[in-house]
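The structure under discussion appears below in the form of structure tokens.
Model, not experiment: these values are computed from the prediction. Proteins get letters first, then strands, A, B, ... in listed order; numbering begins at 1 in each.
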Number of protein chains: 2
Amino acid sequence: MALFEKRAELHTTQECSRQIMPVRDALEVLNGRWKLPILIALSFGAKRFKEISREIPGITDKMLSKELKMLEANQLIIRQVFDDFPPVVEYSITKHGESLGKVIEELRIWGLSHRKKIIGK
Amino acid sequence: MALFEKRAELHTTQECSRQIMPVRDALEVLNGRWKLPILIALSFGAKRFKEISREIPGITDKMLSKELKMLEANQLIIRQVFDDFPPVVEYSITKHGESLGKVIEELRIWGLSHRKKIIGK
DNA sequence: TGATTTGCTATCATATAGGATAGTACTATC
DNA sequence: GATAGTACTATCCTATATGATAGCAAATCA
């Protein structure tokens, strides 16, 4: 009957969106050209702005600044300011940031198999 | 350290890039607003162009067509044309496409914990 | 006859990501 | 006094993603 079908369909669509949302959230956190390299640079230990910049070829100050803010807003990294010399600001990974490790590793494994499949051999 | 397998020489820029590449590949495959909903729609069974379109609110023919092509190029889906009436074209998920399931599940799990951490509670 | 369906493609417009370049406050050093 | 280093911010520009709208071939339906 029409009403039943319609409701069932709605339920399915909503249920799907609800399932997809967290996946999108996770993808968004890693989205863009620089967030991954920044996280990885920091995974080796706390670093200053210029240190990160030097380790990531091609990144501009503007993008580094912007992405660091995003990562901090998502609580993946922490910013520490030392009232010193010329400014000293240190960034480091949080526990929450480290928890991304497993996801990144899964992405890497799948990416490798994909590369073999598509690009060949 | 935490984000990647620890190795002595892992610290070099080249080695890092090599490790990051497959992760970027995987992210790119899922990138954009529509690929995930399309894949999920097809994960319930083969569907025609218009069927997918009807199941995904807001998608335009242009974007659906474009994303289907990308997904097919990445061998995540297959396109089958039936020489019939008004055109009949059926899309379905490949084994390779199904292999994304594990990655998506990891993204979903992390996304849920992220949501709890950032938005809620 | 004219309208409708299907699986697209083409054209035009806008929003956003990202790059290039310059500048700033403050201090230390030459 | 001039220069350099640090951690940014501001401005301007381009490329890409996405959206809105229209059209099209061929057959079927009213």
Side-chain angles (χ1 to χ4, degrees), chain A residues 17 20 23-42 45-74 76-93, chain B residues 17 20 23-42 45-74 76-93:
Chain A
S17 305
I20 292 179
V23 183
R24 297 179 93 73
D25 291 343
L27 286 172
E28 200 166 308
V29 153
L30 293 175
N31 206 13
R33 186 165 166 189
W34 304 112
K35 296 200 190 76
L36 204 52
I38 293 172
L39 282 174
I40 286 165
L42 292 182
K47 297 212 170 76
R48 298 175 61 180
F49 188 92
K50 261 284 146 59
E51 287 181 288
I52 305 172
S53 164
R54 264 185 247 110
E55 276 191 28
I56 303 180
I59 196 169
T60 61
D61 282 2
K62 175 188 162 188
M63 287 313 292
L64 180 51
S65 173
K66 186 183 169 190
E67 299 293 50
L68 285 171
K69 270 180 193 159
M70 279 276 98
L71 293 171
E72 199 195 355
N74 280 319
L76 304 177
I77 63 174
I78 292 182
R79 191 177 96 117
Q80 255 192 94
V81 185
F82 300 90
D83 193 16
D84 241 346
F85 328 94
V88 175
V89 181
E90 223 183 56
Y91 295 89
S92 50
I93 283 217
Chain B
S17 305
I20 292 179
V23 183
R24 297 178 91 73
D25 292 343
L27 286 173
E28 201 166 308
V29 154
L30 294 175
N31 206 11
R33 185 164 167 189
W34 304 111
K35 298 200 189 74
L36 202 53
I38 293 172
L39 282 174
I40 286 168
L42 292 181
K47 297 211 168 78
R48 298 174 64 177
F49 188 92
K50 263 282 147 57
E51 286 180 290
I52 306 172
S53 164
R54 263 184 248 113
E55 276 191 28
I56 304 180
I59 195 168
T60 60
D61 283 3
K62 176 189 164 190
M63 286 313 294
L64 179 53
S65 173
K66 186 184 170 191
E67 299 292 52
L68 285 170
K69 269 180 193 160
M70 279 276 97
L71 294 170
E72 197 194 357
N74 280 319
L76 304 177
I77 64 174
I78 292 182
R79 191 176 96 116
Q80 255 193 94
V81 184
F82 300 89
D83 193 17
D84 241 347
F85 324 92
V88 175
V89 181
E90 222 182 56
Y91 295 90
S92 48
I93 284 217

Q | Exam field: side chain Arg48(A) to backbone Pro87(A), donor-acceptor pair closer than 3.5 Å | A | yes
**Q.** Polar side-chain atom of Lys66(A) near backbone of Lys62(A) as donor-acceptor pair, under 3.5 Å
**A.** no
Q) Whole Å only: how far is the CG atom of Leu36(A) from the P atom of dG18(C)? A) 13 Å
Q) Out of dG19(C), dG7(C), dT18(D), which has the shortest distance to the side chain of Arg33(B)? A) dT18(D)
Q.
Return whichever of Gly32(A) or Pro86(A) has its heavy-atom-nearest nucleotide of DNA chain C closer to the 5' end.
A. Gly32(A)
(Q) Would you compute the distance between atom CD1 of Ile52(A) and atom CD1 of Ile77(A) and round it to the nearest 0.5 angstrom? (A) 7.0 Å
Q: Could you check which residues of residues 56-69 of chain B get a heavy atom under 4.0 Å from DNA chain C? Sort them by number, please.
A: Asp61(B), Lys62(B), Ser65(B), Lys69(B)
Q | Gap between atoms NZ and C1', on Lys35(A) and dA17(C) respectively (whole Å) | A | 10 Å
Q. Considering all heavy atoms of both residues, which atom of Ala46(A) and which atom of Glu90(A) are nearest to each other, and what is their separation?
A. CB-OE1, 3.6 Å
Q | Gap between atoms CD and P, on Glu90(A) and dT6(D) respectively (whole Å) | A | 14 Å
Q) Say you draw a straight line from CD1 of Ile56(B) to CD of Glu67(B); how long is it, rounded to the nearest 0.5 Å? A) 9.5 Å
Q | Rounded distance (Å) that lies between atom P of dG7(C) and atom CD of Glu72(B) | A | 15 Å
Q) Given dT6(D), dG18(C), dT6(C), which nucleotide is nearest the side-chain atoms of Arg54(A)? A) dT6(D)
Q. Phe49(A) has a side chain; which of dC8(D), dG5(D), dG7(C) sits nearest to it?
A. dC8(D)
(Q) Within the 4.0 Å heavy-atom criterion, would you say Tyr91(A) contacts the bases, only the backbone, or no part of the nucleic acid? (A) sugar-phosphate
Q.
On the nucleotide dT6(D), are OP1 or OP2 found under 4.0 Å from the side-chain N or O atoms that Arg48(A) carries?
A. no
**Q.** Reported OH-to-CG distance for the pair Tyr91(A) and Leu42(A), which is rounded to 0.5 angstrom
**A.** 9.5 Å
Q: Output yes when a side-chain donor or acceptor of Arg33(A) lies under 3.5 Å from a complementary backbone atom of Ile59(A), and no otherwise.
A: no
Q: Take the protein atom CZ of Phe82(B) and the nucleotide atom P of dC8(C), then report the distance between them rounded to whole Å.
A: 13 Å
Q. What is the distance from CG of Asp83(A) to C1' of dC8(D), rounded to the nearest Å?
A. 16 Å
